Amino acid sequence: MNRLKDATSPYLLQHADNPVEWFPWGPEAFAEAARRDVPVLLSVGYAACHWCHVMAHESFEDEATAQLMNRLFVSVKVDREERPDVDAVYMEATQAMTGQGGWPMTVFLTPDGHPFYCGTYFPRPRFQALLQGVAKAWTEQRDDVVQQGQEVVTALTSRAPEALAGEPPAAGRLDEAVTALRQGYDAVRGGFGGAPKFPPSMALEFLLRHAARTGDQDARSMAGHTLEAMARGGMYDQLGGGFARYSVDDRWIVPHFEKMLYDNALLARVYAHWWRLTGSELARRVALETCDWMLRDLRTPEGGLASALDADSEGEEGKYYAWTPAGLREVLGEEDAAYAVELFEVTGTFERGTSVLQLPRDPQDAERYAAVRARLLAARAERVPPARDDKVVAAWNGLAVAALAECGALFDRPDLVTAAREVAGLVTGVHMSGGRLARTSRDGAAGPHAGVLEDYADVAEGLLALHAVTGDPAQVRLAGELLEAVLTHFGDGTGGFYDTADDAEALFRRPQDPTDNATPSGQFAAAGALLSYAALTGSARHREAAAAALAPATLLAERHARFAGWGLAVAEACLAGPVEIAVVGPADDARTRALHRAALMATSPGAVVSLGEPGSGDAAGAAVPLLEGRGLVGGAPAAYVCRDFACRLPVTDPDRLRGELVTV
């Protein structure tokens, strides 16, 4: 066993018995490189990454390759999900030097941490040649190597945050963003661009909010078409629910099979919002099945949600999910197998004649479909399942809290709301201490690494969504503590935010990237949480911080709208108010529940809901300011529709409330 044997990351533990003498990221590795006068070989990946497994089997488990690595380098292994800051700065260098990025990421560093040669996956013969070539250059061309590393660092660190300052997107700029998305839209298959296609959950959230605010049918159509195409293709698990990471082709058929918590949390929420806007039964089904999958396959004994399922099982990508006609006959018999072959289009997607299941159209016989689906799911459960990365990531659990809470409330599934409470309790009870967050936990113990901006922002977002559903004022107080840490420790002095705190480990560059990637950027996520918190509390400070943080979305809207979806969605909320809805009355009163239901059904972008009795507060006595001074009307529960704490006359009838919300 090497030095990774004591790691908490499942990904690092996968490499603990490699013949490579791995170091975890830390000062000891760089001190050893300086002592030996050799470069550092940094390898970054994650547990569910298929090509990370391939490179591990080909090279890191190979004795000859390991001997080269051990003799010529100090080798460091990093879990990108555990250390997104390390991943971000070296991925930026990799993209700058090679024009592309990906995982596994392979970077050669000087002993002071400066990158001088970067790449991603290398087959073993090329990797062995590369190891020898880099070592030779280090020995024979040291000055050039060091100079190259310094030039990369200088180029990356010279990017000034002032370039990101400005105003949040105005209405016209949001219209331009819809036009920009239309230009890259696949009108036949849905989604944006060509293969591979990733689920554009944040851009879809923006389009739904824009359609709700403006009535733009083009935005609504692009979102709905894409959401339906994804849900009917092979990227969606037609038996167990939940989405794979992306589609290898441009038709959403062939998935890259890893299943990530963050994708599914974001998608469950956007499908729920699609249902709220349109009433689509497909949207309802997919949102609920995705939530059920998260709880069935990712729930940890401590109440959190694990980060991912692997792409591989039994050493083969997708083996757990693929079927053949013969395999269907074995489970279902001839008649039902023929039905399933046609229904799910089992026609040989892959080389060995196997297929992922699709559902191009709704089945006419719902009862038969449900029975066949249940039998196939039970049979699949007998297969060797993909491995699970069971670390709990704060940010992604925050996204899941929001999705579970909203789906539970909108679809009358109190078990999902209970699960959201439990996930939030795990994050705030284990990850959170003194208003600060740990990035990960495992087995109920917080990990050693500090939370980054997205952790604070996404957990705050989840807590505020949970408050909207439950009325628990403690969630607002906890979100406020996290957002205070954001304002105190992450600001860049220009209105934007760094991705790491001012007291975090110093890297060669302090990461700052406002663009969305697989998840909302930390900056745009912070803007959304700050705006919602301001709407609940009346805090001008938080509202102004949210507006300033949205400035990069203005620059990105016209040309790169796909990478600013969450920022544009939050900008829609800014333009809409956001609408503040205070529902006042006893929680056990059916009249209160009816008003609360009508409030949660509001489609106004970013609408903020608070529920409680007059003067109610949390255990510390803190009440939600939006509820203060709002009383019952004639002894009956009432709802107040407000902007900037200026409210219309209260209403006591749910139909009247729905009418009020249509006109805001």
Side-chain angles (χ1 to χ4, degrees), residues 1-49 52-91 103-115 117-119 121-122 124 127-128 130-131 134-135 138 307 310 387 389-393 438-443 445-450 504-508:
M1 301 292 282
N2 55 48
R3 295 173 184 83
L4 302 183
K5 64 181 178 2
D6 298 321
T8 57
S9 159
Y11 175 65
L12 298 189
L13 290 171
Q14 288 175 0
H15 295 271
D17 61 354
N18 291 169
V20 179
E21 295 173 1
W22 292 112
F23 279 76
W25 178 272
E28 295 82 3
F30 291 94
E32 179 66 7
R35 186 188 70 79
R36 289 178 50 197
D37 192 28
V38 296
V40 171
L41 193 168
L42 172 65
S43 176
V44 182
Y46 57 103
C49 167
C52 299
H53 297 323
V54 172
M55 191 163 178
H57 296 323
E58 288 181 347
S59 294
F60 304 148
E61 296 171 7
D62 176 64
E63 288 286 349
T65 307
Q67 287 178 18
L68 282 173
M69 294 171 66
N70 296 338
R71 179 166 57 86
L72 301 175
F73 303 94
V74 168
S75 299
V76 175
K77 176 61 75 173
V78 166
D79 181 346
R80 66 174 292 258
E81 297 172 351
E82 190 175 61
R83 291 301 304 265
D85 52 340
V86 173
D87 177 64
V89 296
Y90 290 107
M91 182 59 72
W103 298 276
M105 178 168 59
T106 306
V107 186
F108 294 89
L109 318 175
T110 64
D112 56 3
H114 292 180
Y117 189 90
C118 304
Y121 162 76
F122 294 96
R124 183 166 61 198
F127 187 54
Q128 290 181 345
L130 176 64
L131 294 173
V134 170
W138 178 258
S307 63
D310 208 329
D389 184 336
D390 62 357
K391 69 176 179 295
V392 173
V393 177
R439 169 71 174 173
T440 62
S441 69
R442 191 164 183 245
D443 299 330
H449 304 298
E505 177 187 351
L507 303 172
F508 78 82

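What you see is a predicted model; the values in this text were computed from it and never measured.
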Would you say that [X] contacts [Y] through its side chain, given a criterion of any heavy-atom pair below 4.5 Å between the two side chains?
| X | Y | value |
| --- | --- | --- |
| Phe23 | Lys77 | no |
| Leu109 | Tyr117 | no |
| Met69 | Leu41 | yes |
| Gln67 | Pro19 | no |
| Val20 | Asn70 | yes |
| Thr8 | Pro448 | yes |
| Val89 | Asp85 | no |

Does the ring centre of [Y] sit less than 6.0 Å away from the ring centre of [X]?
| X | Y | value |
| --- | --- | --- |
| Trp25 | Phe30 | yes |
| Phe60 | Trp22 | yes |
| Phe127 | Tyr121 | no |

What distance separates [X] [atom1] from [Y] [atom2], expressed to the nearest 0.5 Å?
| X | Y | atom1 | atom2 | answer |
| --- | --- | --- | --- | --- |
| Arg3 | Glu28 | CZ | CD | 9.5 Å |
| Glu61 | Gln14 | CD | CD | 9.5 Å |
| Thr106 | Leu42 | OG1 | CG | 8.5 Å |
| Met1 | Asp17 | CE | CG | 6.0 Å |
| His449 | Glu505 | NE2 | CD | 9.0 Å |
| Thr65 | Arg124 | OG1 | CZ | 5.5 Å |

Counting distance only, does the side-chain N/O of [X] pair as donor-acceptor with the main-chain N or O of [Y] below 3.5 Å?
| X | Y | answer |
| --- | --- | --- |
| Asn2 | Ala16 | yes |
| Arg36 | Phe73 | yes |
| Asp112 | Phe508 | no |
| Arg80 | Pro104 | no |
| Trp138 | Asp37 | yes |
| Asp87 | Arg83 | no |

**Asked** Can you check side chain to side chain donor-acceptor pair (under 3.5 Å) on Asp310 and His53, steps first, answer last?
**Response** CA-CA 10 Å; Asp310 208 329; His53 297 323; 2.8 Å; yes
So which heavy atom on [X] is nearest to which on [Y], and how close?
| X | Y | value |
| --- | --- | --- |
| Asp389 | Ala47 | OD2-CB, 3.2 Å |
| Cys52 | Gly45 | SG-CA, 3.7 Å |
| Leu131 | Leu68 | CD1-CB, 4.0 Å |
| Ala7 | Leu13 | O-CD2, 3.5 Å |
| Asp390 | Pro10 | OD1-CG, 3.4 Å |
| Leu72 | Pro39 | O-CD, 3.7 Å |

**Salt bridge Asp79-Lys391, side-chain N to carboxylate O under 4.0 Å** = yes
**Item:** N-O pairing of Glu82 and Arg442 below 4.0 Å
**Value:** no
**Message:** I'd like to know whether Trp103 forms a side-chain contact (heavy atoms from CB on, under 4.5 Å) with Met91, so could you lay out the CA-CA distance, the side-chain angles of the two residues, the decisive distance to 0.1 Å, and finally the verdict.
**Reply:** CA-CA 9 Å; Trp103 298 276; Met91 182 59 72; 3.5 Å; yes
**Asked** Going by atom types only, do Asp62 and His57 share a side-chain donor-acceptor pair under 3.5 Å?
**Response** no
**Request:** Could you go through the side-chain contact (heavy atoms from CB on, under 4.5 Å) check for Val107 and Val44 one step at a time?
**Result:** CA-CA 8 Å; Val107 186; Val44 182; 5.9 Å; no
